[in-house]
Amino acid sequence: MSDFDQYEDRELFDILDRELERQNTTIQLIASENFTSPAVMAAQGSVLTNKYSEGYPGKRYYGGNSVVDEAEELARERGKALFGAEHANVQPHSGANANLAAYLALFQPGDTLLGMRLDQGGHLTHGSPVNISGRFYRFVSYGVTESDERLDYDEIRDLAKAERPKAIIAGATAYPRIIDPQPLRDICDEVGALLIFDAAHIAGLIAGGAHPNPVPLADVMTFTTHKTLRGPRSGTIVCKAEHAKAIDKAVFPGLQGGPLMHVVAAKAVAFREAAQPSFRDYAAAVVANAQALAKALAGEGFRLVSGGTDNHLMLVDLRPFDAELTGKVAQDVLDRAGITLNKNTIPNDPRSPFVTSGLRIGTPAVTTAGMREAEMAEIASLIGRALRNRSDDAALAEIRDSATNLCSKFPPYH
Ligand SMILES: *Cc1c(COP(=O)(O)O)cnc(C)c1O
């Protein structure tokens, strides 16, 4: 009998059971979340968690790595093939670490970098003063235009010419439109900057052919593997061969210690899944669902930032629906109605990031669960009803029942 036969942790596993119940019975609309496959979870819950493998395949610090070397090699090869990349590093523990490693590999503290404004959709790791990126590097921000709430590549070019950055960091966490890598590459060439494309949110849309692939144009692409890509919670870097050595050294030993080999294995599984023809259908359905949901929400009286979406998410301006309603209150009300999403600032939001005038809504998870356009119309109607009846507990309870009923037809896990 092994030592752990004596342990039984009902306390913790009851919590897991309740979280499974929550995921199965409420509507998941957080744009950065998804339901990963049982195969990904099996790899992530495997014996590979036991192995120390500091270093890279064939160059490890400890013995016993010949088998896990194969797992990492498989993940690297599949990651490269998925995006047509020259090199892949599958060890970053998260998207934030992938970005940090890319910066560590290519820049010196104090270097000037361009990144998207946080309050207009950029990420903390693109120069927030409370993040290491903003403390170690001199980030200058670009934003969206006032008129159409989209990136204006001419404005970015002017800023790049004035600031002469070492790199442009592209990518966003709350931007509903395609980010076109070609004009960004052109600007970088004009000013002698590198192009780092952070595809954290849209990696799955790129893999599925729904968005342009920045890899042929970018020096480095970083991404998370758990958002639209639908894999384990983690990060990856792909890059040109000329940056491979610097990137690998920055991830280990520069930034991290031993890799999470069970997660590396799960990334290999996810990359294979994302290379299947059915994943192309999935990526297209994610976008079609987002567009259907955006249209139905406009019909409920909400305003869509930039007028709609061409990716997996939308930003909703609550003010035309109800000038008094904040993102904070809307998030709480919808939580009670069985609809999970997050408050978000909208461009030029008069309210603080803790209150906000907007919501961010995404379709990756509901699409994985099997919902399509008809269900998006139903969800928009539930959101409108809940927010109109937000001080009516009985109405909210009724909406929660409707949400549960809808989910019961599309359980992600049986
Ligand atoms: C989510 C996200 C990240 C960070 O990913 P974590 O895995 O949470 O660290 C980085 N960049 C962008 C644009 C993101 O949306």
Side-chain angles (χ1 to χ4, degrees), residues 28-34 36 40 44 79 89-104 113-128 130-134 136-137 139 141-144 151 167-179 181 184 195-207 211 214-215 218 220-239 247 250-251 255-256 259-260 263-264 266-267 270 286 290 309 311-315 341-345 353 360-365:
Q28 308 306 319
L29 295 173
I30 295 193
S32 51
E33 290 183 356
N34 213 329
T36 199
V40 165
Q44 217 172 347
N89 187 306
V90 294
Q91 291 192 8
H93 299 332
S94 66
N97 271 21
N99 285 346
L100 205 50
Y103 302 161
L104 184 64
L113 306 171
L114 296 195
M116 190 168 176
R117 279 175 63 158
L118 247 67
D119 60 350
Q120 298 195 347
H123 190 258
L124 279 167
T125 55
H126 299 184
S128 162
V130 301
N131 181 263
I132 185 169
S133 58
F136 280 34
Y137 304 99
F139 265 92
S141 299
Y142 55 86
V144 297
L151 293 174
I168 295 179
I169 316 300
T173 195
Y175 181 66
R177 296 298 176 176
I178 283 177
I179 299 174
L184 293 168
L195 177 58
I196 313 281
F197 200 106
D198 177 353
H201 262 261
I202 57 171
L205 301 181
I206 295 166
H211 270 219
V215 166
V220 175
M221 183 173 90
T222 62
F223 57 98
T224 63
T225 48
H226 52 278
K227 298 181 184 176
T228 52
L229 195 62
R230 213 162 71 178
R233 182 162 299 281
S234 199
T236 290
I237 303 173
V238 292
C239 65
I247 290 288
V251 174
L255 181 64
Q256 297 184 166
L260 312 176
V263 183
V264 168
K267 279 182 252 196
V286 167
T309 175
N311 62 18
H312 61 298
L313 67 81
M314 65 215 69
L315 282 177
L341 43 66
N342 63 278
K343 66 178 185 280
N344 212 99
T345 54
R360 187 184 68 161
I361 307 182
T363 54

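Numbering of ligands and ligand atoms starts at 1, following listing order.
Contacts between Asn99 and ligand 1 below 4.0 angstrom, taking non-hydrogen atoms only, involve the side chain exclusively. Only the backbone of Ala172 comes within contact range of ligand 1, with a heavy atom under 4.0 Å; no side-chain atom does.
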> Could you go step by step and tell me if Thr125 and Asn131 meet the side-chain hydrogen bond (donor to acceptor under 3.5 Å, both in side chains) rule?
Replying inline: CA-CA 6 Å; Thr125 55; Asn131 181 263; 5.6 Å; no

> Does the side chain to side chain contact (heavy atoms under 4.5 Å, CB included) test come out yes or no for Leu151 and Met116, once each step is laid out?
Replying inline: CA-CA 9 Å; Leu151 293 174; Met116 190 168 176; 4.0 Å; yes

>> What verdict does the side chain to side chain contact (heavy atoms under 4.5 Å, CB included) test give for His126 and Asp198, after you've listed the backbone C-alpha separation in whole Å, the side-chain angles of each residue and the deciding distance to 0.1 Å?
In response: CA-CA 9 Å; His126 299 184; Asp198 177 353; 2.8 Å; yes

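Of the residues listed (Asp119, Leu315, Leu313), the one engaging Asn344 in a side chain to side chain contact (heavy atoms under 4.5 Å, CB included) is Leu315, and it is the only one.
Residue Asn97 places no N or O, backbone or side chain, under 3.5 Å from any N or O of ligand 1. An N or O contact shorter than 3.5 Å is missing between Gly171 and ligand 1 by distance. Geometrically, ligand 1 and Asp198 share a nitrogen or oxygen pair separated by less than 3.5 Å. Checked against a 3.5 angstrom limit, the closest N/O atoms of Ala96 and ligand 1 fall inside it. Between Thr224 and ligand 1, not a single N/O pair is under 3.5 Å apart.
Taking a cut-off of under 4.0 Å to the non-hydrogen atoms of Ser94, the atoms of ligand 1 that pass are 7 (O), 9 (O). Against a heavy-atom cut-off of under 4.0 Å, His201 is close to the following atoms of ligand 1: 15 (O).
Of the protein's heavy atoms, Lys227 NZ, 3.0 Å lies nearest to atom 14 (C) of ligand 1. Of all protein heavy atoms, the one closest to atom 8 (O) of ligand 1 is His226 NE2, 4.5 Å. Nearest protein heavy-atom neighbour of atom 7 (O) of ligand 1: Gly95 N, 2.9 Å.
For Phe136 and Tyr103, the distance between ring centers is not under 6.0 angstrom.
The closest approach between a heavy atom of Gly235 and any atom of ligand 1 is not below 4.0 Å. Under a 4.0 Å heavy-atom criterion, Arg233 is not in contact with ligand 1.
With Arg360 contributing its side chain and Thr173 its backbone, the two residues share a donor-acceptor pair below 3.5 Å.
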